[in-house]
Structure formats: C-alpha cells, structure tokens
Peer 1: 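Could you have a look at this structure, given as structure tokens, before my questions?
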Amino acid sequence: MGAPNRPQRLLDQVRDVLRRRHYAYRTEKSYIGWIRQFILFHGKRHPADMGAEEVEQFLTYLAVKRNVSSSTQNQALSALLFLYRHVLKVQLPWMDGITRAKKSARLPTVLSVNEVSRVLAQLDGVHGLIARLLYGAGLRVLECLRLRVKDLDFDRRHIIVRDAKGAKDRVTLLPDAVVPELRVHLQRRHERHRQDLLAGLGDTWLPHALARKYPNAARSWGWQFVFASRTYVYLQEYGRKVKFHLHEKAIQRAMRQAVRAASLSKPASCHTLRHSFATHLLESGHDIRTIQTLLGHKDVKTTMIYTHVASRGAQGAISPLDRL
C-alpha cells in the first residue's frame, strides 16, 4: 500500500489561493511572511484556534515593539484578513471590527530639475538608460525592468505598461531624448538574442499560462525583455533555461551611488524620479488628470499630493514677500 496523502501545509494553501486569485508575486511573498510571523509570535498555534485577541496582540507588538509604520501594520492586517476569509473560509465578525492604523500623510521627496540632471549625469550605460526612463516616463522600477520589446511604440512615442500595480495596463510617454540610445540598446539586444537562438537558447520567461498558450512566444523577439539579464536560469516547470529581466537591486544600488556622487543634500531613490516626473509636469502646466493617467493612479486624490510639493502647484500661490 502506498503512503497516505499528507494534508497540505497551511502556508502552501495560502500560496495556492494567492496564485489562483492572480495576486502579484511581491504580495504573495509579503503575505506569506506576515502569516508565518503571526504563527511564530503565538508559539506556532494554528490560526484557526486563535481570534481577535491574538490578532490585536500581534498588531500591537508590530507597532509598539517593532515600531513599524502604519502602512506596514495595515499590510500585516490585510495578510491575516486574507488568511481567515479566503484560506480558512472563516467568516468572523471580529475581523471587520479590527481598526486599521491611520496612515501618515507624508509628502514625497522631489528633486529639482537641476538635481535630477546632476544625478542622471552620474549614471551611464544600461543603468543610465533605465534611470532616464524612470524620470522621463514616470515608471516604477519593476515596471521599467519588466518592459518587453513589443511594449515600445517608437512611432507614437509611447510605452505600454502591462499588468502594473492593481493588475492594470496603461500608456505613458516615450521621451524623445532616450529614443536614439534606446534604439542602439535594442540593436545590441537583438543581436545577442539572435546568437542565443543559434546556440539553442533564446527563451524568455512568460507570465501565467502564456508559455503553454503560445509555445513560440518565449523565443520571439517581441516578447524579449528590454532590459534582460545576461544569464539564463533553468526552470523546472518549463523544462529548459529562460531569461529574466535585470534585478531591481542592481539599478537601486546604482541610483544610491549616483545620489552620493551628485552630493545631494536630500535622500533620493529610484522612486524619487517618478515623484519628480509628476511634480515637474505639474509645474510646467499639465493638468492633474493627465498626470493621473500617466502615473496610473486609480484615484486622483493620490495624484493631488504633488500639488503640495510643486513650486507652482494647482493654486499657483506666490509668497507676498516675493511681491514686494
């Protein structure tokens, strides 16, 4: 007789439900992490044997002992809500009664045009091209790194951002200033891809079930990552080696070095370039709805925060001292 089937571990159940609902991989990692911490915090007790008191104790521990931000605390709560509602299938009234932490209304760090120029001057090669796209198109880091060749429209001068935050597509600008450099980069990528095909390689990673639906897409030029890694990784599910995009830590590290080399007095990251993109558009007279569309914000209230950091915001206020 064969060995009896072992019951699936709880975290594996969570992972399966997250993937079935097409949650982002980053969300999956964070939710699994928070649920694991919740279980360990309560001495490895099963969540089905716990209730509101244990959840409140865990959230209080995060805020008081670990001093996490309100957004981090709310993320942990969202993970636990997902666990109870969608995995354990437990509809407990007390879960709806747990109060979420109030988010801090913090203004984003924004660089001036001169500061952006100083930072970009410190970046060259692929990292420089990526940074110019982050600022020139208002992209998030992963949005830029996940770009496929087919997502670039040189004739219309726009970029299609696929499956962005909130599982939405959007269209944003393709700056004229990066077009020559981007064309040269793609020519080099195309030649490398041609050589990989001759060597029996050339497959790129495809999301969801696209690899099965379109068997030849993984080797086609249009589906290749614009900023692909140099190395291949063997995937068991594919049964062959595939290429992923560059790792985000590489550009984040290059950005930190560029900020130090530019001698900026304020902290700045890759996401600061996106904030600067929105703020500088606002300062140059573009309407808030256009900026909302380019950034992919669901609610215009999210975009309105840039009116507070723009030197000539929506109100166009000028200090009375400057009128003297």
Side-chain angles (χ1 to χ4, degrees), residues 18-30 126-127 129-176 178-179 181-183 185-186 189-190 192-193 202-229 232-233 235 237-238 242-252 270-271 273-275 277-278 281 289-300 302-303:
L18 284 164
R19 294 182 180 180
R20 191 163 61 243
R21 289 173 167 267
H22 296 289
Y23 275 68
Y25 178 63
R26 282 192 159 192
T27 304
E28 176 186 317
K29 286 182 64 178
S30 63
V126 175
H127 292 159
L129 179 56
I130 292 172
R132 281 185 276 280
L133 279 172
L134 297 181
Y135 173 65
L139 299 173
R140 300 177 179 92
V141 178
L142 280 179
E143 289 176 349
C144 186
L145 296 179
R146 288 172 178 167
L147 286 176
R148 312 272 180 165
V149 174
K150 66 182 182 61
D151 298 329
L152 304 177
D153 192 327
F154 287 97
D155 293 332
R156 297 184 178 181
R157 290 293 193 269
H158 70 220
I159 298 171
I160 302 176
V161 183
R162 306 282 185 184
D163 199 20
K165 191 174 182 179
K168 296 178 296 182
D169 294 352
R170 76 175 190 278
V171 176
T172 188
L173 310 172
L174 174 58
D176 289 333
V178 304
V179 167
E181 185 181 3
L182 191 54
R183 286 189 186 276
H185 171 76
L186 289 177
R189 279 279 299 112
H190 201 175
R192 181 176 291 274
H193 177 59
D203 288 273
T204 192
W205 175 80
L206 295 179
H208 310 309
L210 285 177
R212 294 193 300 272
K213 189 175 182 180
Y214 305 109
N216 298 323
R219 291 194 169 199
S220 67
W221 169 237
W223 276 96
Q224 299 301 307
F225 286 114
V226 175
F227 303 107
S229 171
Y232 281 87
V233 177
L235 284 187
E237 57 190 275
Y238 276 46
V242 299
K243 256 189 183 181
F244 285 87
H245 54 72
L246 289 175
H247 201 285
E248 69 222 61
K249 288 186 178 179
I251 181 61
Q252 290 169 344
C270 292
H271 206 68
L273 295 176
R274 175 175 158 91
H275 291 320
F277 162 84
L281 281 181
R289 289 290 182 180
T290 298
I291 299 172
Q292 176 194 2
T293 302
L294 293 174
L295 292 176
H297 287 163
K298 182 178 180 180
D299 193 336
V300 72
T302 307
T303 318

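All values below were derived from every heavy atom in this structure, side-chain atoms included, with hydrogens, water molecules and symmetry-related copies excluded. Source: prediction; values computed, not measured.
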Peer 1: For His297 and Asp299, indicate whether the former's side chain and the latter's backbone hold a donor-acceptor pair under 3.5 Å.
Peer 2: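 Not at all, since once roles are kept as given, no pair shorter than 3.5 Å links the two residues.
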Peer 1: Which atom names give the shortest non-hydrogen contact between Lys168 and Lys165, and what distance separates them?
Peer 2: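 Looking at all heavy atoms of both residues, the shortest contact is CE-O, 3.5 Å.
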Peer 1: Mind checking what makes ring pair (Phe, Tyr, Trp, His ring centres under 6.0 Å) contact with Tyr25, not counting sequence neighbours?
Peer 2: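 Tyr25: no ring pair (Phe, Tyr, Trp, His ring centres under 6.0 Å) contacts found.
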Peer 1: With under 30° as parallel and over 60° as perpendicular, where do the rings of Trp205 and Phe244 fit, or are they tilted in between?
Peer 2: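 Answer is parallel, since the angle falls under 30°.
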Peer 1: Give me the atom names and distance for the closest heavy-atom approach of Cys270 to Ile251.
Peer 2: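 Looking at all heavy atoms of both residues, the shortest contact is SG-O, 3.9 Å.
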Peer 1: Between Glu143 and Arg170, is there a side-chain N and carboxylate O pair less than 4.0 Å apart?
Peer 2: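 Answer for the salt bridge query: yes.
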Peer 1: With salt bridge (Lys or Arg N to Asp or Glu O under 4.0 Å) as the test, would you mind laying out the steps for Arg132 and Glu181 before giving the verdict?
Peer 2: CA-CA 11 Å; Arg132 281 185 276 280; Glu181 185 181 3; 3.2 Å; yes
Peer 1: Is it true that a side-chain atom of Gln224 and a backbone atom of Ser220 form a donor plus acceptor pair closer than 3.5 Å?
Peer 2: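 It does hold such a pair.
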Peer 1: What's the shortest heavy-atom distance between Thr27 and Ser30, and which atoms?
Peer 2: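 So the minimum-distance heavy-atom pair works out to O-OG, 2.9 Å.
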Peer 1: Where do Leu206 and Ala218 come nearest, in terms of heavy atoms and distance?
Peer 2: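 Looks like CD1-N, 3.7 Å.
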Peer 1: So do the side chains of Val226 and Leu182 get within less than 4.5 Å of each other, counting heavy atoms only?
Peer 2: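 The answer is yes, as the side chains (C-beta and beyond) meet within the 4.5 Å cut-off.
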Peer 1: Can you give the donor-acceptor pairs under 3.5 Å from side chains of residues 155-163 to other protein atoms, not counting sequence neighbours?
Peer 2:
residue: Arg157; atom: NE; partner: Asp176; partner atom: OD1; Å: 2.6
residue: Arg157; atom: NH1; partner: Phe154; partner atom: O; Å: 2.3
residue: Arg162; atom: NE; partner: Asp151; partner atom: OD1; Å: 3.2

Peer 1: Give me the atom names and distance for the closest heavy-atom approach of Thr204 to Trp223.
Peer 2: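 Taking every non-hydrogen atom into account, CG2-O, 3.4 Å.
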Peer 1: Does Arg274 make a cation-pi contact with Tyr135 (under 6.0 Å, within 45 degrees of the axis)?
Peer 2: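 No - Arg274 does not lie over the ring of Tyr135 by the 6.0 Å and 45° rule.
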Peer 1: Answer yes or no: is there a donor N or O on one side and an acceptor on the other, between the side chain of His193 and the main chain of Arg219, under 3.5 Å?
Peer 2: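 Yes.
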Peer 1: Are His245 and Phe227 close enough, and set up right, to give a side-chain contact (heavy atoms from CB on, under 4.5 Å), and what steps lead you there?
Peer 2: CA-CA 6 Å; His245 54 72; Phe227 303 107; 5.6 Å; no
Peer 1: Considering non-hydrogen atoms only, spot the tightest contact between Ala137 and Pro175 and give its length.
Peer 2: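 Minimum heavy-atom contact is N-CG, 4.2 Å.
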